[in-house]
Amino acid sequence: MKRIALLGMPNTGKSTLFNRLTGAGARVGNWPGLTVELLSAKLLLAGDMVEVVDLPGIYNLHGFSEDEQVVRRFLESQPIDLIAVVLNGVQLDRQLALALQLKQLGLPMILLLNMADEAAKLGMRIDTGRLSASLGLPVHMISAKAGQGLPQAKASMEGLLRAGGDTIQANFDNFTEDHRLEQETQALLSQAVQSPLVLPRSLTERLDRYALHPWIGPPLFLLLLLGVFQAIYGLGTPLQDGMEWLLTRVKDLLLTPMLGGLPEIPRSFLAEGLYDGLGTVLSFLPIIFVFFLVMAAVEDSGYLARAAFLADALMARMGLDGRAFVLQLMGFGCNVPAIMGTRVMRSRGLRLLTMLTIPFSLCSARLQVFLFFTTAVFSPTAAPWVLFGLYLLSFAIAFLSAFLWRHRLNSHEPLLMEIPPYRMPHLGYLLAQGWRESTHFLREAGGFILLGVALVWLLTHFPFDAAPASAETLAGRLADFIAPVFDPLGIDQMLAIALLFGFVAKEIVIGALAVIYAVGPDSLDAVIAARVDWVSALSFMLFTLIYTPCVSTLAVIRQESRSLGFTLFSLGWSLGLAWVVSWAFYQTARHLS
Amino acid sequence: MIIASLLIKPSPEMTTLSIQNEFAPIRLQATVTDGPTHANLAELKAGDTGVINALGAESELRLRMHALGLLPGRTVQVIRKAPFHGPLEIRSGHTNLLIRLDEARSISLEPQS
Ligand SMILES: Nc1nc2c(ncn2[C@@H]2O[C@H](COP(=O)(O)OP(=O)(O)OP(=O)(O)O)[C@@H](O)[C@H]2O)c(=O)[nH]1
């Protein structure tokens, strides 16, 4: 099969183009260096199936970053029929040099100048004919987002693939000096690119006067955060209620009559174990969808680079930098990709310190637990504020951890990154992203959750002659055993069992509680509200926030740090901190009230 | 096709090498070759522009600077400076960049005429 590699600098729209071309789901984000794994998909071109590979963004083939090494190794080791170089047409002044460097590899090549829409808005004129003639390769202006110019680009690629002979290997031998390339770039630019001397005052500039203002910017950030979570709350909870209603109807009208003939134990396993457990988790799916939709909008808008600018001075005092702050924000979705995102950092100290803080980011799985507990225990007006408080606390814990360990894991890493213009997120893309993430959640966590609720059912029902979840069952005995640890935190035995399972994945916690109390999604909150007061509930939430998010996070920390010692340290630190914070809170609150 | 398996980890030797790199002192070319008359980027006020004379950073960072459009002879403008010795936002050509004070100090500018 023939192979096309998409290459270019970070944030030029490669992933967007890849999605456009192949219809497959690569993650797209307006954040330099987001693509850290190689994505590939098949595409029908020139009558053949062709494999398209989306390579990570690189600044320079000689570069030292992990991404740049990945790309170089890929080019050295893989046969490639065509490289499609994606540049930001607006930034040709600095990006054209990369194309010249890639041209020296001697592979068939096509040049795609993306962001045609932005170039036009700025009044830039790019003479693609001239560039094409000077470079000796096809050049097209495209807009990956709007789809403009893509048919022509595809036709060119087909032409090159047809004309191409045998697949050849990239040739790294005849590189010229970078400064020669610079002269060539300047010559080409002066021939082919016209850009107005005075740029129109852009929307980005006007917005940034507030967004990056020393005194307005930070409160605006918090306001935005609050707005985002109010939106998730406002949009998500009615959807969740609808889902709960639906699941209960299905159980009452379909499942219960169907299982009527079964003996008690398998009936209880299917209805109170699997169905209630899974159903409770499933009822959060709409919220997950809304959550990822909103996250994708924030990521795609370009605001995250502003957050890095605002936070950098503060982060520097904790041994971190603005990028670490952004990774913490991305951790709100899921900690795993955020930890992989630390690959953009070069120094080990900074990477490890950032990895230590990301697991405290309140991820979407923990969000489910908190949504559930806050709505069950607090009034509808207080609940969103409690949730917002937990988000702030998640920052505070992360900052505290970094502050305490900054000398051990220190670094002197320079910081230099692009601040892209604001871009309007594309609604179709956002919906696709929300859908992709929520189905991903189901596929990834589904197995864990299924296994988890089945196991919890067994623990709370075995031996079968004991009353479910009573002291005689396995769960009861296990709870007795761990009670000395959780009693001082005000976390009762059944909640402690749920926490034990939550170690595997937080998605299991609510499902486990549904199984433990043998109730469906619609009445679990009433049961919890009757058994747990607000002090215990908060203590439980604090512990859930701080202790290890899930086994996958541990695994990825191990993989990225390449150190078992660090992984164990991170595990121990979060467990210890969780206990101490919950204990301090619970004891203080009990004494005061 | 599992291309992701190509994500080869750098060998331990490479890692140590890069760590040494990071701690290499930043050479300020300006002070060596041209005497102290050159201002650096960090000294500009918000709104000011200057022409880059030389990049003092070590080779890895210098490559990154080149790729982001910071090259001798190019004009840069300081858009804003974050308070509390925070980073600068600068513009070079059509690219806006975030740069920390330390890195900005390593970029010397042509004398103002
Ligand atoms: N205006 C405009 N924006 C675009 C266009 N193509 C992509 N974008 C936006 O540019 C940003 C970056 O796009 P990505 O596809 O993530 O870029 P990438 O090159 O894959 O970036 P990395 O993952 O960092 O390597 C996103 O916000 C896109 O929505 C375009 O043609 N016009």
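Remember, predicted model here, so these are calculated numbers, not experimental data. Just so it is clear: chains get the letters A, B, ... in the order the sequence lines come, proteins before strands, and each one is counted from 1.
How far OG of B:S92 is from CD of A:Q91: 9.5 Å, rounded to the nearest 0.5 Å. In this structure, CG in A:L415 is found 7.0 Å from CD in B:E103, a value given to the nearest 0.5 Å. Interatomic distance, CG of A:N88 versus OG1 of B:T95, reported as 7.5 Å (0.5 Å rounding). Of the inter-residue distances, the one linking A:M417 atom CE with B:L68 atom CG reads 10.5 Å to the nearest 0.5 angstrom. Rounding to the nearest 0.5 Å places CG of B:L98 at 9.5 Å from CZ of A:R323. Here CZ of A:F309 is found 11.0 Å from NZ of B:K81. Values are rounded to the nearest 0.5 Å.
Of the two parts of A:L98, neither the backbone nor the side chain holds a non-hydrogen atom closer than 4.5 Å to a non-hydrogen atom of chain B. In this structure, the portions of A:L212 lying under 4.5 Å from any heavy atom of chain B include both its backbone and its side chain. Looking at A:D208, both its backbone and its side chain come within 4.5 Å of chain B, counting heavy atoms on both sides. For chain A, the nearby part of B:L71 is the side chain; its heavy atoms alone come within less than 4.5 Å. Using a 4.5 Å cut-off between heavy atoms, A:E118 makes no contact with chain B at all. Within the 4.5 angstrom heavy-atom criterion, no atom of A:A97 approaches chain B.
The pair A:R306-B:E89 does not meet the salt-bridge criterion, since no charged nitrogen lies less than 4.0 angstrom from a carboxylate oxygen.
In this structure, the side chains of B:R100 and A:D312 come closer than 4.5 Å at one or more pairs of heavy atoms. No side-chain heavy atom of B:H66 sits less than 4.5 Å from a side-chain heavy atom of A:R94. Side-chain contact check for B:L70 versus A:L416: some heavy-atom pair is nearer than 4.5 Å. Side-chain contact between B:H94 and A:M124: present, with at least one pair of heavy atoms (C-beta onward) separated by less than 4.5 Å.
Annotation: A:H213, atom NE2; neighbour count of heavy atoms from other residues, nucleotides and ligands within 6.0 Å is above 12. For A:R125, the CZ atom counts as loosely surrounded, since its 6.0 Å shell holds 12 or fewer non-hydrogen atoms of other residues, nucleotides or ligands.
Counting heavy-atom pairs under 4.5 Å between each of B:I99, B:L101, B:I79, B:I90 and chain A puts B:I99 at the top.
When the side chain to side chain donor-acceptor pair (under 3.5 Å) test is applied to B:R64, no partner is found at least two apart in sequence or on another chain.
In plain terms, the two heavy atoms of B:P87 and A:A313 that are nearest each other are CD-N, 4.2 Å.
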